[in-house]
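The next block holds one structure in the form of C-alpha cells; read it before the comments.
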Amino acid sequence: MKLLEVADLRVAFDGVAAVDGLSFDLGAGESLGLVGESGSGKSTVALALLGLHRGSGAEVTGAVRVDGTDVLAATEAGLRALRGARAAMVFQDPLSALDPYWAIGDQIAEVHRVHTGSSRRAAHERAVQVLDRVGIPDAARRAKSHPHEFSGGMRQRALIAMALACSPKLLIADEPTTALDVTVQAQILDLLHELRAEDGMALLLVTHDLGVVAGNTDRVLVMRDGRAVERGEVAEVLGAPREPYTRELLAAVPRLDSPRERPDGPKDVLLSVTDLHRHYPAPAGGTAGWRGLLGARAKLRAVDGVSLDIRRGETLGVVGESGSGKSTLGRLLVRLAEPTSGEIRFEGEDLARASERRLRPLRRDLQMVFQDPVSSLNPRRTIGESVADPLRVHGRSGQQLKAEVGELLDRVGLRPDWYQRYPHELSGGQRQRVGIARALALRPKLIVCDEPVSALDVTTQAQVIRLLADLQAEFGLTLVFIAHDLAVVRQVSDRVAVLRHGRIVELGTVDEVYESPQHPYTRGLLAAVPVLDPAEADSRRAARAELRGRERAAALTA
Amino acid sequence: MIRFLLRRTVSTVLVLLAMSAVIYVVFFAAPHDPAVLVCGKGCDGARLAVVRHKLGTDLPVWEQYWQFLHGLVAGRSFDSGTDLTRCAAPCLGYSFQTDQPVLQMVTQRIPVDLSLTVGAMVIWLVLGVGTGLLSALRRGRLAERALTALTLAGMSTPVFLIGLMLVMLFCAYLQWMPFPSFVPFTDDPGQWAANLVLPWLSLALIMSAAYARMTRSSLLETLAEDHIRTNRAYGLSERRIVFGHALRGALVPVVTMLAIDVGQILGGAMLTESVFGFDGLGRLLVNSVNQIDLPVVVGVTLFAGFFIVIANAVADVLYALADPRVSVA
C-alpha cells in the first residue's frame, strides 16, 4: 500500500465540481508536483488530503487514504491524529497562516504537545530544534518572536518548521514560495529538497509554476478544470509534453534564455532622472527616548540617489526584490509620489519641482498600470466608467465618450459591450486589461507598469505581455516595466536596471545584464531563477550550495 | 510607555480645557441670569448687582472662565463685600443654590455610579460575550435562541420599563428584595449588593445585546482567518482553536467597546439612576441643568469627559497588550 492514495476524488461546491475524478498516488519518500493554473482545483485537492473540507459545505466523494487512514470516513479524532503528525501542510501566505498573537516557538510547541503529549519544556526544545533545522539563526531567541517580527522568508521557514515538528511522513506544500522573492524562493526550495533527502519525507508540491516543479519533484501531474491532463516523470513531461495544454503552459513560461528581437537605433531621451531621492521616516519603534519625542526620526531611504535616462519608444525593465524601492521609483517617475530631492526632466519640465497646476497637463502623458487589478479598480463602478474617467477629466462626454471607451476596450481585447460590467465579473487577466485600457485612454507617452502580470497565471501573463508589446508598437509608447520576475523582464525589456536598497547596482541592455552580469547581486538573482530543465536545476542547486558554503566559511574566518 | 502616558496626559488636559471653554460659552449665551435665581424672590436691583458681583457674572465671559481656571489651581473666594464664601483648591466652582462646593457634590455621587457600572459591567459581559460565543459556535440551539431573544428584548426595551417591571415583580408582588436605595459598600457590602441587583440587571440587559453581536461577528471573522485553518490542519481540537487562538483576537474590539461604554456610564446613567431613585452624577446633571446651576453643570460635564478620555486611554493600552503588533508608543 502506498503512503498516499487518491482514487476518483471529486469535490463539489454547490454542485459545481472543483475537482472531478482525480486519481494519483505517492509512495514513501517520493515527490510529486501538482501543477495547474488558478481555478484548476489543485489547492482543493491539497485541502482534501487532510479532510479540511469538512464543515465547509463541500461535497467530497471518492477515496483518499493517507498513511492507512481513510480520510473521508475517519472520525474527527482520527483525522486530528493524522493532521500535523503523519501528514503536515505548509501553507502559502506565511503572514496570515500564523497566529499573530502567539510567539512562533509557542505555536510550533503547541503542535508537538497536541500530538505527543510532551511536556511544555520538551515541546519548546523541539520547537527550537526544528527552527534551527530550517535555518533560523539564533533559533532559541527567535522562537520568542511573533510572526510580524519575521521577514517573509523566515515566516515561510517557520511554517516548514511547524510541519517538521512531529516528523511527518508526508509534507504537502501549497504554493510555498509564491509570495517570496526569487533568492528567498530558491533558499526555501533548496531547504525542502535537503529535508527530503535527509529525512525521507514524501513531498506533494502544489504550484502554478512549472519552474518550481522542475528542480524539486520526481514526478508531475498537470491539472486543468479539476482533472488530470498529463502526468509522468518531470523530465519527460517538461521535456516532451504529449498534451497540447501542457505544451501551451510550457510555451507561456517566460524564460531567461529567450531574448526578444528588436531593432534598436539611436533614440532620444524622453525622461531623464538625476540623483533622485525619496526618504520616509522610519517606522515607529526605531527611535527611543527624548529625541524621538521631539520628532527626530531615522530615515528610510526608499530611493537613494537614482540617475537614469528613459529613451523614447523603449521598454526599460526595473528589477529588484521586495523593499528594493522599485515601486517607489515607479511612482516618482509619474509624480504620484513626491521626491525628497533630485530632478525628473520630462519635455523640458522638471517634474520634481513642478506645482500640481503645472503637472496637470503633463499627467495625460504619464500613466501607470498597477499590480493588483482587483484593488486598483473601484468595485462599485462599471469598468466602462473606470476607463471613461480620465477621458471625462479631459473634457470628453456623451456619445463620443462612449464610443472612445468602446474602442479602447476592443483594443485591449475586451468586448466593447462590456461597458456595464463590474470588476468582480471579470477574471484577473481581464481586469488587468481594463487597467491597461484606462492607462491608454489619453494616449500617453510613458506608461509605468508596476508588476502588471505578477498576479496572473502564466498563460494570462503571456497574453498581457503580448498586448503590451502590440500597443507599444502601435502607439509608440515608452514603457517602464517593474517586476520581481527576472524572466518576464528579460522578455519585455530593451534595457534593464537592477535595483537594490534604493540604488541602481547595474544598468545596461538586456543582453549585457543577463549574459554577463557585472554585479554579484545581479549574479545571485539570476542564479536563483527556477529553470524548466531538471538537470540544469540540479546543477544550479549544487552551485548555490557551494556558494553558501563558501560564504559561511568566509564568515567563519573573517 | 512613558511617552504614551505623557502624551495622553497632555491631550487629556487639552480636551478638558476645550470642553470647559465650550460649556462656558454655551451657558453664557443662554437667556437666563443665574444671579436672579440665587437672589430669590423680592430681589431688588441693588441686591441683584451685589449677587452678580459675588458670583462674578458681572465680568465678561473670558474673565469668568479665567477665574474658573485660576480657582482650579489656587482655590477661590466669592466676595460681595458683605459676606465671603471660600472654596478651597482645587475649586471646581461653588453652587450657591445648594450652598456647596461643586467638587464635594460630585465626589459624593461618584460611588453610586461606580457601584452601578462595575456590577452591571460584570453581568453584561457574562451575558453578552456568552451569548455571542454561543451564537457563533452553537447557532440554532435552544440555549442560544433563548439568550439571543433575551438580549435583543433587553436592548429594545427602555430602561424605565425594564426597571419598573423588575421592581414591581421582585419588590412589590414577590417581595423578594427591598425597594432599591443606595447603601454605600463601606457601610454594608451585603445590603449594597442586594439593593443594586435590580439596577445592575436593568442596565446590563440594555448593554448586553450589543456585546453579543460584537462577540459573535468578531469571533466568526477570526475563525475564518488563515491561521485558524493552519490550526485545523495541524490537528488542534475545536475547543483549543476557539479558546486558545480565536477568542483572543475576537475579544480585542469587544474590550475597546467596553472601555468606552464604561467611561460613558461612569459619567452618569441618568435613566437608570432616575428609575431607581439613586442620587448619581446623571441625576445631578439633569437637576442642575434644569436649575441653571452653571458651576455644577460644568463640574459634572468635566468629570464625565474625564472618565471618557481615561477610558479611551485604557482601551489603547489594553489593545496594545492584547496585540503584539500594536505598540502604544
Side-chain angles (χ1 to χ4, degrees), chain A residues 46-47 49-52 54-56 76-103 106-108 110-115 144-149 159 162-163 165-166 168 172 174 283-290 292-293, chain B residues 1-11 136-141 218-256 316-329:
Chain A
L47 293 175
L49 298 185
L50 292 180
L52 288 168
R54 278 197 192 179
S56 73
E76 275 298 321
L79 268 185
R80 284 207 300 272
L82 172 73
R83 295 171 177 170
R86 287 175 290 148
M89 188 131 167
V90 178
F91 288 100
Q92 172 175 7
D93 185 354
L95 178 56
S96 60
L98 288 165
D99 189 332
Y101 298 122
W102 279 49
D106 291 345
Q107 299 190 41
I108 298 172
E110 187 188 27
V111 171
H112 194 252
R113 272 165 66 79
V114 162
H115 287 293
K144 296 190 191 83
S145 304
H146 287 82
H148 71 281
E149 295 164 300
L159 272 178
M162 185 186 270
C166 301
I172 304 163
D174 186 3
T287 56
W290 291 99
L293 226 143
Chain B
M1 191 65 194
I2 290 169
R3 221 179 115 188
F4 170 77
L5 287 179
L6 206 74
R7 239 180 24 212
R8 265 310 161 109
T9 314
V10 171
S11 74
L137 302 172
R138 299 264 183 277
R139 188 128 191 90
R141 304 268 179 96
S218 174
L219 183 61
L220 286 179
E221 206 176 291
T222 314
L223 281 173
E225 280 172 15
D226 278 355
H227 61 89
I228 298 298
R229 188 187 59 184
T230 307
N231 293 147
R232 290 214 174 92
Y234 278 90
L236 269 57
S237 63
E238 278 304 303
R239 175 192 296 267
R240 228 189 158 95
I241 290 174
V242 170
F243 292 98
H245 293 271
L247 205 53
R248 181 164 173 186
L251 286 185
V252 167
V254 176
V255 168
T256 309
D316 283 353
V317 172
L318 287 176
Y319 199 87
L321 286 179
D323 192 334
R325 290 167 297 184
V326 178
S327 100
V328 287

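Chain identifiers are assigned alphabetically (A, B, ...) following the order of the sequence lines, protein sequences preceding nucleic acid strands; residue numbering begins at 1 within each chain. Atoms considered below: every heavy atom in the structure, side chains included; atoms not considered: hydrogens, waters and symmetry mates. Keep in mind that what you see is a predicted model, and the values were worked out from it rather than measured.
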**Message:** Can you tell me how far apart CG (B:Asn231) and CD (A:Gln107) are? Round to the nearest 0.5 Å.
**Reply:** 7.5 Å
**Asked** From A:Asp99 CG over to B:Thr230 OG1, what is the distance, rounded to the nearest 0.5 angstrom?
**Response** 9.0 Å
**Item:** chain A-proximal positions within residues 249-256 of chain B [heavy-atom distance under 4.5 Å]
**Value:** B:Gly249, B:Val252
**Selection residues 224-236 of chain B - residue pairs positive for salt bridge (charged side-chain N to carboxylate O under 4.0 Å, His left out), sequence neighbours left out** = B:Arg232-B:Glu238
**Prompt:** chain B: which of A:Gly84, A:Ala77, A:Ala97, A:Ala81 shares the most heavy-atom pairs with it under 4.5 Å?
**Reply:** A:Ala97
**Request:** Kindly compute the distance separating NE2 (B:His245) from CD (A:Glu110), expressed to the nearest 0.5 Å.
**Result:** 3.5 Å
**Among the listed options A:Leu52, A:Leu47, A:Ile172, the residue most often paired with chain B at heavy-atom distances under 4.5 Å** = A:Leu52
**Asked** Roughly how far, to the nearest 0.5 Å, is OH of B:Tyr234 from CD1 of A:Ile108?
**Response** 9.0 Å
**Request:** May I ask you to check whether over 12 heavy atoms, not counting those of B:Glu221, lie within 6.0 Å of atom CD?
**Result:** no
**Message:** For A:Ala163, which atoms come within 4.5 Å of any heavy atom of chain B: side chain, backbone, both, or neither?
**Reply:** both
**Complete:** In terms of heavy-atom pairs under 4.5 Å with chain B, the winner among A:His146, A:Met162, A:His115, A:Met89 is A:Met162
**Request:** Below 4.5 Å from any heavy atom of chain B, which atoms of A:Leu79 appear? Answer side chain, backbone, both or neither.
**Result:** neither
**Prompt:** Closest heavy-atom contact between B:Ala233 and A:Arg83?
**Reply:** O-CB, 3.1 Å
